[in-house]
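Report on one structure; see the data block that follows.
Letters A, B, ... are given to chains in the order of the sequence lines, protein chains preceding strands, and every chain is numbered from 1. Computed from a predicted model, the values in this text were never measured in an experiment. When reading the values below, keep in mind they use all heavy atoms of this one structure, side chains included, and skip hydrogens, waters and symmetry mates.
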Number of protein chains: 2
Amino acid sequence: MTVPLEPFGKPRGERADAARNRERLLEAARAMIAEQGTRHVTMDALAERAGLGKGTVFRRFGSRAGIFQALLDDDERRFQERVLSGPPPLGPGADPAQRLDAYGCARIPFLLEHHAIARAAVDRTLPVPAGAASMTQPHIRMLLGQAGLPPAHLDGLAVQLTAALEGPLLLYLSVEEVPEPPAPEAPHLLVEGWRFLIGRLLAG
Amino acid sequence: MTVPLEPFGKPRGERADAARNRERLLEAARAMIAEQGTRHVTMDALAERAGLGKGTVFRRFGSRAGIFQALLDDDERRFQERVLSGPPPLGPGADPAQRLDAYGCARIPFLLEHHAIARAAVDRTLPVPAGAASMTQPHIRMLLGQAGLPPAHLDGLAVQLTAALEGPLLLYLSVEEVPEPPAPEAPHLLVEGWRFLIGRLLAG
DNA sequence: AACAAAAGCGGGGTGAAGTCCGCTTATGCT
DNA sequence: AGCATAAGCGGACTTCACCCCGCTTTTGTT
């Protein structure tokens, strides 16, 4: 499951001023996103708004994407918690097929809810599973193995199913093409697709 | 299948000098890629190497990604040809399950062979299936429909399977992580994964 | 051949990400 | 408290994609 020890810009013995500035920057980022959307969060504007230098922003977060990863981090960690030790079928206890199904049913709404920030958090110069978001692939791989799929296919399938699950929301669909489901409880198209896919994959 | 009529920078009544310059630019781009890789193909360097102004590069190709799309265009068109009117199982004639299987078996090597350029051709400000590469999703959708999958799932599954097929090579794996298969005829991990996935999906 | 209109050209300008390095400040030790 | 040192800071600088718009060349017309 590979929890990154140092999510982003949170070194172990962080100096007090550094911690304060990190909070200030995240706060400023949240405000700017709420007011104008992620597109207008530029490094210069963010630094100015937080009353800090641009160098500081990069020192804390490494890149533009890093800011959004940090913003996502808390929620991502909570999600991971639910998967690792929450109640079944998402958490351990249910059989692998159910857990895989449940994972998609939880993950897609999670990404929908955070889609603006999640999209901004992908670092376009790195392979996608950057930051804390990288839980998906190993988890899927593990469940596929437990479900008894042939070991020779596990690596390929894990990559492909990760792409099938997260790719559409992170990369393949533009922001306008991500409509919330009309009725709040109506299942999303992608959720239904995922359930169908997983159902068939693990049926044999 | 939606063949884009005007692939990139190839207007119908193109002036003679424009056509010549387009060729020059593509030629320079090929040379630069061969010498130094896609990363060093900057708009300034490309313009200078071709002996033209930077404005011209943008007029011809619209964006950096456009250059790589144009480079891919011929091969992409040939691939499309094979799918639309080549021999089965890739072309029409075989049953949908076979065609879907064959599509992945052909598409993955195609992307592997072109991966450097294909990656550079994705426009990171647009939803991914930009340019001529957008054939995949509608084709998959059509075949899924012909295979008798429930219409309610077609849209979701088509997006997800497209992501499963192309996402890993275009987006999810870094360049270093895309090793050619050790033995030239050994099937790639992703090909095997795809065949397995499609086999299960259409088995029921 | 001369002309008008359209198409194309070029390169300076802009905005944004990311780097660098000398200066400042917190921290832990004595 | 005073000091040495490492951590942090800031903002000028570089690089790059992309825009803009006045000038030049081609082309179709007469």
For residues 28-37 of chain B, which side-chain donor-acceptor pairs fall under 3.5 Å, sequence neighbours excluded?
unit_1, atom_1, unit_2, atom_2, d
B:Arg30, NH1, B:Glu27, OE1, 3.0
B:Glu35, OE1, B:Arg49, NH1, 3.1
B:Glu35, OE2, B:Arg49, NH2, 3.0

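Counting heavy atoms from C-beta outward, A:Leu144 and A:Leu161 have side chains that approach closer than 4.5 Å. Counting heavy atoms from C-beta on, the side chains of B:Phe68 and B:Leu72 never come closer than 4.5 Å.
Of all heavy-atom pairs between B:Ile140 and B:Ala158, the closest is CG2-CA, 4.2 Å.
Taking the six-membered ring where the residue is Trp, the centroids of A:Tyr103 and A:Phe110 are separated by 6.0 Å or more.
The side chain of B:Asn21 places no N or O atom within less than 4.0 Å of a non-bridging phosphate oxygen (OP1 or OP2) of C:dG8. The phosphate of C:dG8 has OP1 or OP2 within less than 4.0 Å of a side-chain N or O from B:Arg60.
Considering only side-chain atoms of A:Phe58, the nucleotide from D:dG8, C:dG18, C:dC9 that sits closest is C:dG18.
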- Query: Taking it one step at a time, do B:Arg119 and B:Glu166 satisfy salt bridge (charged side-chain N to carboxylate O under 4.0 Å, His left out)?
  - Reply: CA-CA 11 Å; B:Arg119 281 178 72 92; B:Glu166 304 200 331; over 6 Å; no

- Item | Derivation and outcome, salt bridge (charged side-chain N to carboxylate O under 4.0 Å, His left out), residues B:Arg24 and B:Glu48 | CA-CA 11 Å; B:Arg24 259 196 220 172; B:Glu48 184 176 4; over 6 Å; no

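Listed by chain and residue number, nothing satisfies the side-chain contact (heavy atoms from CB on, under 4.5 Å) test with B:Ala152 (two or more places apart in sequence, or in another chain). Every salt bridge (charged side-chain N to carboxylate O under 4.0 Å, His left out) that A:Arg78 has, sequence neighbours left out, goes to A:Asp75.
The interatomic distance linking B:Arg64 (CZ) with D:dC16 (C1') rounds to 9 Å, in whole Å. Across the protein-nucleic acid pair, B:Arg22 atom CZ and C:dA7 atom P stand 17 Å apart, rounded to whole Å. Distance, B:Arg59 CZ to C:dG11 C1': 14 Å, rounded to whole Å. Atom CZ in A:Arg24 sits about 16 Å away from atom P in D:dG8, given to the nearest Å.
DNA chain C is contacted by B:Leu52, B:Gly53, B:Lys54, B:Gly55, B:Thr56 of residues 36-56 of chain B, taking any non-hydrogen atom closer than 4.0 Å.
One distance of note links CD of B:Gln160 with CD of A:Glu192; it measures 10.5 Å at 0.5 Å rounding. Rounded to the nearest 0.5 angstrom, B:Lys54 NZ and B:Met43 CE are separated by 9.0 Å.
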Would you tabulate the nitrogen or oxygen pairs shorter than 3.5 Å linking the protein to nucleotides 25-30 of chain C?
unit_1, atom_1, unit_2, atom_2, d
C:dT25, O2, A:Arg15, NH1, 3.4
C:dT27, OP1, A:Ala16, N, 3.1

Protein and nucleotides 28-30 of chain D: nitrogen or oxygen contacts under 3.5 angstrom:
none

